[in-house]
Amino acid sequence: MTTQTQPHPVAGPEPPATGGSRELGRPTIRGSDRSTVTSRGLRETLRLRIELGALLAAVAVLYVWNLAASGWANAFYSAAAQAGSQNWEAFFFGSSDAANSITVDKPPAALWIMDLSVRLFGLSSWSILVPEALMGVATAWILYLAVRRAALPATESERVAHVAGLAAAAALALTPVAALMFRFNNPDALLVLLMTAAGYAVVRSVQDAKARWLAVAGVLLGFGFLTKQLQVLLVVPGFALAYVGAAPHTLRKRLLHLLGALGAMVAGAGWWIVAVMLTPASARPFIGGSQTNSILELTFGYNGFGRLTGDEVGSVGGRNGWGTPELFRLFSDSFGGQIAWLLPAALLLGAALLWVGRRAPRTDAVRASVIVWGGWVLVTGLTFSLMQGIIHEYYSVALAPGIAAIVGLGGGVLWHRRRFPTDAFALAAAIVAAGVTGAVLLGRASGFVPWLAWAVVMAALAAGAGVLASGFGVRLPRAVGRTTAALALVAGLAGPFAFTLDTVATPHSGAIVSAGPSSGFGGRGGFGAPGGFRNGGIPRGQSQAGGQGGGQAGQGQAGAFGGPQALGGAGFGGGRGGAGGLLGATTPSSALVSALQTDASKYTWAAAVVGSNNAAGYQLAAQLPVMALGGFNGTDPSPTPAQFQTLVKEGKIHYFIAASLMQGSSGSNDAQQIADWVAANYTAQTIGGTTVYALN
């Protein structure tokens with residue numbers, strides 16, 4: 001008589017339905033059966049690869065379809081890509097114009113990809129955005145590999161591990177904010193790809209006992225730093241804890257390996273930082289986003305601790321100007337539809353895997369993976385929830401791989417073990433949580449597929465009941481089991497899939513964009529605090545932007561947050577939308593573009609205008625260098641009034657273009673002084689509805 005015993009937590013196979021135990025490992029293959037087994041294995045391998053290829057092809061189609069409808073997307077970065085494609089110095093430093101006046105307010109790694117694409121294929125929406133879409137496909141593939149690698153030893157099943165990986169890749173691809181950002185040209189797409197690849201490298205380093213993979217993770221994180229600076233460090237605690245806790249080495253070796261990975265990360269980022277620091281200020285562009293022309297100030301100030309404290313000199317909004325920090329910010333009206341669909345389910349599944357694997361060996365692959373991806377989600381999620389500085393809803397794309405990995409891994413392993421009551425209960429709870437969360441988020445989008453919320457809840461309850469039945473000894477027919485699995489997928493993915501389709505069908509442009517059927521521009525997570533502005537009739541997928549003509553308001557009007565905004569005859573409120581050229585590029589008339597191109601070879605800059613987005617619109621239209629006075633917010637001291645006057649005397653700037661721009665109350669007012677000087681010393685003229693000053 002045999003007695004059924006539960007296998008080692010997490011590491012064992014699915015138990016049989018009735019008595020008896022099943023031996024781990026592969027079956028013994030005798031000579032006459034070997035060719036048959038080999039043939040079956042090859043067919044199964046081919047089938048798995050076809051399924052993976054089909055999923056990745058579907059992701060590629062989803063991310064590329066209707067892509068050109070977004071035009072330049074974020075023109076701020078598109079203009080920098082145009083500049084980098086024309087000048088190698090602009091390429092290296094990440095300048096916003098080919099004449100190297102000022103850099104964008106981020107390191108240039110994300111620009112390098114776009115720069116090279118524009119060099120190869122010419123300047124177009126496709127050459128800017130297709131690389132972002134391909135990054136999304138690559139991220140889904142890498143996440144599949146990472147989850148499959150962790151699930152295989154836990155389930156002893158190629159098929160189950162494969163399905164777990166596919167589920168993770170699908171969950172990532174259908175996260176609305178992921179579909180948004182992998183079709184957009186912000187740095188976030190490359191950042192997510194690099195962090196996901198680093199996560200895979202850590203998982204592989206733990207399982208293969210090869211420190212070189214940990215070093216690879218360090219290099220990838222270093223390049224992540226060159227993409228979006230300190231944000232990449234949010235995944236490091238989980239990575240380090242997983243390695244020190246699970247790598248099959250002595251503690252001393254594990255710590256030494258972590259030090260080596262830290263060195264690799266510093267080297268991956270430090271070479272560029274050192275190059276910038278060692279280059280004389282006179283031989284490089286001004287570091288945008290800083291007040292002292294310092295890459296270190298940009299790193300630790302505007303893009304660093306200032307994001308946590310809200311003390312960002314030169315920014316717009318001030319402390320809490322971007323919403324009130326709170327523990328459940330990610331579930332708020334503005335953030336929830338972007339990222340929160342599977343977050344409760346991921347937390348439940350991660351906790352369940354840690355519980356059922358509590359007696360597993362220290363080197364258990366599942367536990368290590370939960371720490372890698374779960375640490376990523378917890379640290380990043382809490383940081384985004386509680387930070388007091390600038391935060392946009394699309395930042396939450398950084399959570400998508402971690403959530404998707406835990407959902408795929410937890411769903412696959414617990415489904416394999418669903419005949420154990422504890423595992424079945426945990427899986428059923430996660431399925432119901434996903435369905436309820438989806439219904440709540442769908443309900444917030446008034447009028448958007450109103451029947452879907454009820455369908456998701458019903459699918460979740462039915463799938464949860466089916467899983468619980470298996471856990472309590474009910475032997476379900478195979479068809480019922482497959483139906484249960486399908487209903488679980490509907491419960492978890494139908495809501496985000498609907499939001500993602502809406503996102504793909506909607507053009508997105510400007511500096512602040514959001515996924516789904518409703519704009520994320522208002523609410524607690526948006527620019528909705530007192531003193532900010534809320535969404536007032538903004539088209540979905542678009543930020544408030546300066547419109548054609550670039551701003552025609554009267555001279556001397558005051559800008560938001562107390563900053564004086566004459567800007568050479570165009571104050572706050574000009575153009576289309578209250579933000580002027582702060583959050584979206586202007587659209588110049590053909591007459592003005594023609595004027596900028598006339599005798600352009602005589603000048604270093606075809607024009608100068610306050611604000612990077614204002615400059616981007618003119619630069620992309622004319623494909624000539626346009627100086628962005630004051631950088632993105634118009635509050636950087638670049639150039640100083642004296643420097644600008646010298647450049648004018650040397651005949652290097654053709655026009656000054658008047659433009660509206662909302663600025664903060666901190667930072668430099670050099671741009672305002674320049675605008676006042678131009679207005680006092682040169683004669684205004686109108687070209688194509690825009691006020692300009694011919695400086696030479």
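Predicted model, so just to flag it, every value in this text is computed and none were measured.
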- Kindly indicate, with the supporting measurements, whether the criterion side chain to side chain contact (heavy atoms under 4.5 Å, CB included) is fulfilled by Leu624 and Trp605. CA-CA 7 Å; Leu624 295 168; Trp605 290 275; over 6 Å; no

- Given Ile287 and Phe93, is the side chain to side chain contact (heavy atoms under 4.5 Å, CB included) satisfied, shown in steps? CA-CA 9 Å; Ile287 303 301; Phe93 290 106; 5.7 Å; no

- Please walk me through it: do Val648 and Leu695 pass side chain to side chain contact (heavy atoms under 4.5 Å, CB included)? CA-CA 7 Å; Val648 171; Leu695 303 181; 3.8 Å; yes

- Query: When you look at Gln685 and Thr691, which way does the side chain to side chain contact (heavy atoms under 4.5 Å, CB included) test go after all the steps?
  - Reply: CA-CA 6 Å; Gln685 58 180 298; Thr691 301; over 6 Å; no

- Task: Could you go through the ring pair (Phe, Tyr, Trp, His ring centres under 6.0 Å) check for Tyr394 and Phe184 one step at a time?
- Result: CA-CA 11 Å; Tyr394 67 77; Phe184 207 69; 7.4 Å; no

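Considering every non-hydrogen atom in both Gln338 and Ser334, the closest pair reads CG-O, 3.5 Å. Taking each heavy atom of Asp115 and Ala81 in turn, the nearest pair found is OD1-CA, 2.9 Å. Taking both residues in full, the closest heavy atoms of Leu172 and Thr139 are given as CD2-CG2, 3.6 Å, listed atom of the first, atom of the second, then distance. A pairwise comparison of heavy atoms in Ala511 and Asn186 identifies O-ND2, 4.4 Å as the closest pair. Of all non-hydrogen atoms in Ile128 and Ser78, the two that sit nearest each other are CG2-OG, 3.7 Å. Minimum heavy-atom separation, Ala189 to Glu132: CB-OE1, 3.3 Å.
The main-chain N or O of Phe384 is found under 3.5 Å from a side-chain atom of Arg329 such that the two form a donor-acceptor pair. No donor-acceptor pair closer than 3.5 Å links the side chain of Arg183 to the backbone N or O of Val130. Under a 3.5 Å cut-off, the side chain of Ser125 and the backbone N or O of Gly71 do form a donor-acceptor pair. With Ser95 contributing its side chain and Thr103 its backbone, the two residues share no donor-acceptor pair below 3.5 Å. The backbone N or O of Ala79 lies less than 3.5 Å from a partner atom in the side chain of Gln619, making a donor-acceptor pair. Under a 3.5 Å cut-off, the side chain of Ser294 and the backbone N or O of Ser290 do not form any donor-acceptor pair. Between the side chain of Ser509 and the backbone N or O of Ser70, no donor-acceptor pair lies under 3.5 Å. Asp636 places no side-chain N or O within 3.5 Å of a backbone atom of Ser638 that could act as its donor or acceptor partner. A donor-acceptor pair is defined here as one N or O able to donate and one able to accept, closer than 3.5 Å; no such pair exists between the side chain of Ser594 and the backbone of Ser590. Judged by distance alone, the side chain of Asn100 and the main-chain N or O of Pro285 form no donor-acceptor pair under 3.5 Å.
In this structure, Tyr302 and Asn633 have side chains that are in contact, with non-hydrogen atoms separated by less than 4.5 Å. Between Phe286 and Ser101 there is no side-chain heavy-atom pair separated by less than 4.5 Å. Here the side chains of Met627 and Leu647 are in contact, with some heavy-atom distance below 4.5 Å. Residues Asp670 and Gln643 fail the side-chain proximity criterion, which asks for heavy atoms closer than 4.5 Å. Residues Leu62 and Leu501 meet the side-chain proximity criterion, which asks for heavy atoms closer than 4.5 Å. Taking the side chain as every heavy atom from C-beta outward, Pro187 and Leu111 never approach each other to under 4.5 Å. Side-chain contact between Trp272 and Ile295 is present, with at least one heavy-atom pair separated by less than 4.5 Å. A heavy-atom distance below 4.5 Å is found between the side chains of Gln623 and Leu123.
Among residues two or more places apart in sequence or in another chain, the side chain to side chain donor-acceptor pair (under 3.5 Å) test is passed with Ser117 by none.
A cation-pi arrangement is found for Lys228 relative to Tyr395, the charged atom lying closer than 6.0 Å to the ring centre and inside a 45° cone about the ring normal. In this structure, Arg284 forms no cation-pi arrangement with Phe92, as its terminal cationic atom is not both closer than 6.0 Å to the ring centre and no more than 45° off the ring axis. Both cation-pi conditions hold for Arg119 and Trp88: the charged atom is under 6.0 angstrom from the six-membered ring centre and inside a 45 degree cone around its axis.
Inspection of the Glu297 and Thr292 side chains reveals an N or O donor paired with an N or O acceptor under 3.5 Å.
Expressed to the nearest 0.5 Å, how far OG1 of Thr227 lies from CG of Asp188 amounts to 10.0 Å. In this structure, CG in Asp599 is found 6.5 Å from OG in Ser601, a value given to the nearest 0.5 Å. Put simply, CE on Met181 and CD on Glu393 are 11.5 Å apart, with the number rounded to the nearest 0.5 Å. A distance of 11.5 Å separates CD1 of Ile339 from CG of Leu180, quoted to the nearest 0.5 Å. Between the CH2 atom in Trp112 and the CG atom in Leu190 there is a gap of 10.0 Å [rounded to 0.5 Å]. To the nearest 0.5 Å, atoms CG (Asn303) and CD (Gln231) are separated by 10.0 Å.
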Enumerate donor-acceptor pairs with a distance under 3.5 Å from any side-chain N or O in residues 650-658 to protein atoms, sequence neighbours excluded.
residue : atom : partner : partner atom : Å
Glu650  : OE1  : Lys652  : NZ           : 3.4

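Taking the six-membered ring where tryptophan is involved, the planes of Phe182 and Tyr63 are essentially parallel, since the angle between them stays under 30° and well short of 60°.
With ring centers used as reference points, Trp72 lies 6.0 Å or more from Tyr77.
Within 6.0 Å of CZ in Phe305 there are 12 or fewer heavy atoms belonging to other residues, nucleotides or ligands.
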